[in-house]
Amino acid sequence: MLEKGFSSPTDRILRLKNTLLQAKPYVESERATLATLAYQQYEHLPAIMRRARVIEKIFHELPITIRADELIVGAVTIHPRSTEICPEFSFEWVEKEFETMEHRLADPFIIEKETAQALSEAFKYWPGKTTSSLAASYMSDATKESMAGGVFTVGNYFYGGVGHVSVDYGKVLKIGFRGIIAEVNEALAKLDRSRPDYLKKEQFYQAVIISYQAAIAFAHRYAQEAARLAQAENNPQRKRELEQIAQNCRQVPEQGATTFWQACQTFWFIQSMLQIESSGHSISPGRFDQYMYPYLAAGSSITPEFAQELVDCCWIKLNDINKTRDEVSAQAFAGYAVFQNLCVGGQTEEGRDATNPLSYMCMEATAHVRLPQPSFSIRVWQGTPDEFLFRACEVVRLGLGVPAIYNDEVIIPALQNRGVSLQDARDYCIIGCVEPQAPHRTEGWHDAAFFNVAKVLEITLNNGRAGGKQLGPITGEMTSWRGMDDFYQAFQQQMTHFVHQLVEACNSVDLAHGERCPLPFLSALVDDCIGRGKSLQEGGAIYNFTGPQAFGVADTGDSVYAIQKQVFEEGKLTLAELKSALESNFGHAADSSPQASLSENDLCAMVQQIIDRDGSLDAAAIKEEVYRRLSSTAAPQGSQRFAEIRRILENTPCFGNDIDEVDLVARRCALIYCREVEKYRNPRGGQFQAGIYPVSANVLFGKDVGALPDGRLAKAPLADGVSPRQGKDGSGPTAAASSVAKLDHFIASNGTLYNQKFLPSALAGEKGLRNFGSLVRNYFDKKGMHVQFNVVDRDTLLRAQKDPQQHQDLVVRVAGYSAQFVVLAKEVQDDIISRTEQHF
């Protein structure tokens, strides 16, 4: 039997999960207040020492809490699923949203009046002192104007910490924080006082020692709290648990772990402490099954059931972490995303299969907890056991959007191409959404920026203009093009211009973090910061990258091919006609879209008519009927030609159907972006590398893009990641995957993201499982990098929209992360609903 199913979670896990599901996220003020007081007290110190004193004060004074039923303890906030504020990065946006954050479109948080008052008092110190203010001072006005025009954004690290790292959990498990302090003291003793860099290195080492002594004290505070609770506890079982928790927190992470329970507690202390030091997200556990398994294997006295419950508890704790962003960024990261990517399977550093029993237990934990975190991933290669892949497919069929699946045969050589050694590349993990890196050796700056390729296309079609402004170079009016070579020359010039500005913006933010917010606690857990005597933010890592990601690739490819096909090959349209149609949004109002122009009752009636007529429901049929009705009822008088032009464009073959002449145009457009990005270097001495993934920015930044030659109306969502446009991959999942595989995933070494959506019935039974496994193997054989799945039907999603209270535990894949469907903004929900429902 291929199908094994999953066991049931314990009652404890169900209670802990329910607490999180029912929790309302709050903004808390304690960290902001403590950090501000420390900054004021230690203004005279160098930046790295100030940061050490900041983290020291926070670890000593941040309120602590042990929640009911917990076996693994340590919390960033008092309220479950809540967040602290880090004003050293930015603060203005928080103050502006005191009255609105609770009611905003995406990711609302409650800010109580007392909290707002405490934050307002802390914020008085920060004008002109944040990383964001310093970064802004480095940027040119032209770059800021392009960001305001929707070409790209660096808001992620501009407003917050960097994160996007996987640290050396295994090292702490072995030697503890005391071992790290000893290592730093040894490096300090070896310093050559005659060298000009002695003072900076000495300050870095002192900062690490202060940070880790404070971190040990933080764990001991939990030991004391657990002991206090144990004394007052009447339930004998809970009393024993609290006594053991107290013993664990006295042992770890100060010393190395000796049991699997202590290993789990060590893991969580590291994870939560990294979140406390900085507001960076995507702090990813990496290869959990590799560094944790030795402690499971050595634990002869632990029962399999209790070991599984401990893993489940780690999964629960990962969902307790939360993060607030400014209103615009919250829409791009909709769903309270924190991107803690945990990866299992793959290869060892020696090139042998790395699968072990804990790899399977992680899948079981995902099935038990059924929450968005961790962002669970698996690695697959030619030596991956079929059992492992089929088991992962069983998890996918649960409809949680995980695991995301990654191809060693593409990622390992892609990393080697960037200078990563073979051994380190084989040990890669996934960070955040889909970004590969050598764990605890890399400062990757993944997710450094969103770059809107479709916006660059629009600007190219308008001779460098956007919204009436001359944002890009003058490259010629589209009506003057004599062939596709003229287009590609103009597109390349615009891409060169805007990627240069993108790099300027990224490097401005990079410099600001290095100067104002080095992170000693994090740095000591990444090689080779201790060896080099410098923080991660100053170039201490072995591998240093900056990874901006693009979206709108499929829209651009389809649009360019439509021009090639309908204008220059078949002559159905002239460039003048196309230009006029685009400028008029195909005869529709600037803010109209198919969904906005038909009422819900009209849409329901139309769908029922299609079912009655065809006996089934097909996305292409729905879209064709929507456009027919819009053309006949919504378009203004005299716009019939615009509607006809749009139908011609809509009927052009599209990316996602395994048609070489179409797919290779999308490949070429993506390569123009990727090759331009990799020309640049960052202040830490590393290379820029391109990625193609959107988070949910394809919806948000689609609003900045006008009508396109693929027939898309202005402001509509763009395609997500490297996926075909919604509803356009109508030739089946294998054909769609084949198209995506034709993109050059090797050069997009910062990661590519491919979403597919399946009807649950298509994957049912052993036959469905075999088909599913074969689809993944076939796609990877063709050198696709990554694929992830939603397994849910449209009716379920529509019901959840109407009755969110009854669907609190419905988890879906948004982009490089999963989220509770009911907490997503409606426009993001609609984007997921609109994706093609595949079947075999």
Side-chain angles (χ1 to χ4, degrees), residues 2-3 5-6 363 366-367 370 372 376-378 380 389-407 434 554 616-623 655-658 719-741 753-780 782 784 786-800 807 810-819 821 824 828-840:
L2 292 182
E3 298 179 280
F6 299 96
M363 296 189 197
T366 301
R370 302 194 183 205
F376 184 50
S377 302
I378 69 164
V380 172
L389 181 56
F390 285 136
R391 189 65 170 158
C393 291
E394 279 196 87
V395 179
V396 171
R397 293 197 309 189
L398 297 174
L400 305 171
V402 294
I405 308 175
Y406 296 84
N407 187 2
V434 294
S616 64
L617 199 57
D618 178 72
I622 293 174
K623 203 159 192 176
F655 177 74
N657 297 285
D658 198 14
D720 64 281
V722 295
S723 306
R725 289 188 293 142
Q726 298 90 330
K728 289 297 183 180
D729 46 347
S731 300
T734 304
S738 294
S739 288
V740 174
L753 184 150
Y754 179 31
N755 274 313
Q756 280 199 340
K757 186 168 77 171
F758 272 90
L759 291 167
S761 58
L763 306 180
E766 288 213 7
K767 182 179 178 181
L769 204 58
R770 289 188 185 277
N771 285 341
F772 202 5
S774 297
L775 173 71
V776 173
R777 293 279 195 189
N778 180 266
Y779 174 59
F780 282 2
K782 293 179 178 179
H786 154 275
V787 65
Q788 59 195 24
F789 303 91
N790 269 315
V791 182
V792 62
D793 61 78
R794 176 186 175 86
D795 288 344
T796 298
L797 298 176
L798 290 173
R799 286 197 301 271
H807 295 83
L810 176 59
V811 175
V812 297
R813 196 71 173 181
V814 182
Y817 65 101
S818 292
F821 182 78
L824 296 172
V828 178
Q829 293 178 340
D830 291 341
D831 180 59
I832 294 169
I833 292 170
S834 72
R835 295 174 189 171
T836 305
E837 292 181 331
Q838 298 285 5
H839 54 83
F840 292 106

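The first residue of the sequence shown is numbered 1, and numbering continues consecutively from there. Values below: all heavy atoms of this structure, side chains included; hydrogens, waters and symmetry mates excluded.
The backbone N or O of Q756 lies less than 3.5 Å from no partner atom in the side chain of Q838, so there is not a single donor-acceptor pair. Judged by distance alone, the side chain of N790 and the main-chain N or O of V812 form no donor-acceptor pair under 3.5 Å.
The shortest side-chain heavy-atom distance between L769 and E3 falls under the 4.5 Å cut-off. Looking at heavy atoms from C-beta onward, F758 lies out of side-chain contact with R397 at the 4.5 angstrom threshold. Side-chain contact between F6 and V395 is present, with heavy atoms from C-beta onward closer than 4.5 Å. In this structure the side chain of Q788 never reaches within 4.5 angstrom of the side chain of V402, judged on heavy atoms. Between P403 and V396 the shortest side-chain heavy-atom distance falls below 4.5 Å. Side-chain contact between V740 and Y779 is present, with at least one heavy-atom pair separated by less than 4.5 Å. A 4.5 Å side-chain heavy-atom check between S738 and K782 finds at least one atom pair inside the cut-off.
Counting all heavy atoms, side chain and backbone alike, Y754 lies closest to P733 at OH-O, 4.4 Å. Between G5 and E394, the closest heavy-atom pair is N-OE1, 2.9 Å. The two atoms that bring Q726 and A719 nearest to each other are OE1-CA, 4.1 Å, heavy atoms only. A819 approaches P372 most closely through the heavy-atom pair CA-CG, 3.8 Å. For F655 against A554, the heavy-atom pair with the smallest separation is CD2-CB, 3.9 Å. Of all heavy-atom pairs spanning K757 and L797, the tightest one is NZ-CD1, 4.4 Å.
Atom OG1 of T796 is separated from atom CD1 of I833 by 10.5 Å, given to the nearest 0.5 angstrom. Note that CZ of F780 and CG of N407 are 5.0 Å apart. Values are rounded to the nearest 0.5 Å. Remark: D793 CG to L759 CG distance equals 7.0 Å, nearest 0.5 Å. Of the inter-residue distances, the one linking C393 atom SG with I405 atom CD1 reads 5.5 Å to the nearest 0.5 angstrom.
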Taking it one step at a time, do R799 and D795 satisfy salt bridge (charged side-chain N to carboxylate O under 4.0 Å, His left out)?
CA-CA 6 Å; R799 286 197 301 271; D795 288 344; 5.1 Å; no
L824 vs I832, test: side chain to side chain contact (heavy atoms under 4.5 Å, CB included). Steps then yes/no.
CA-CA 10 Å; L824 296 172; I832 294 169; 3.7 Å; yes
Can you list the steps and then say if L775 with F789 is a side chain to side chain contact (heavy atoms under 4.5 Å, CB included)?
CA-CA 12 Å; L775 173 71; F789 303 91; 4.0 Å; yes
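A donor-acceptor contact closer than 3.5 angstrom is absent between the side chains of S774 and R777.
A ring-centre distance under 6.0 Å is found for Y406 and H786.
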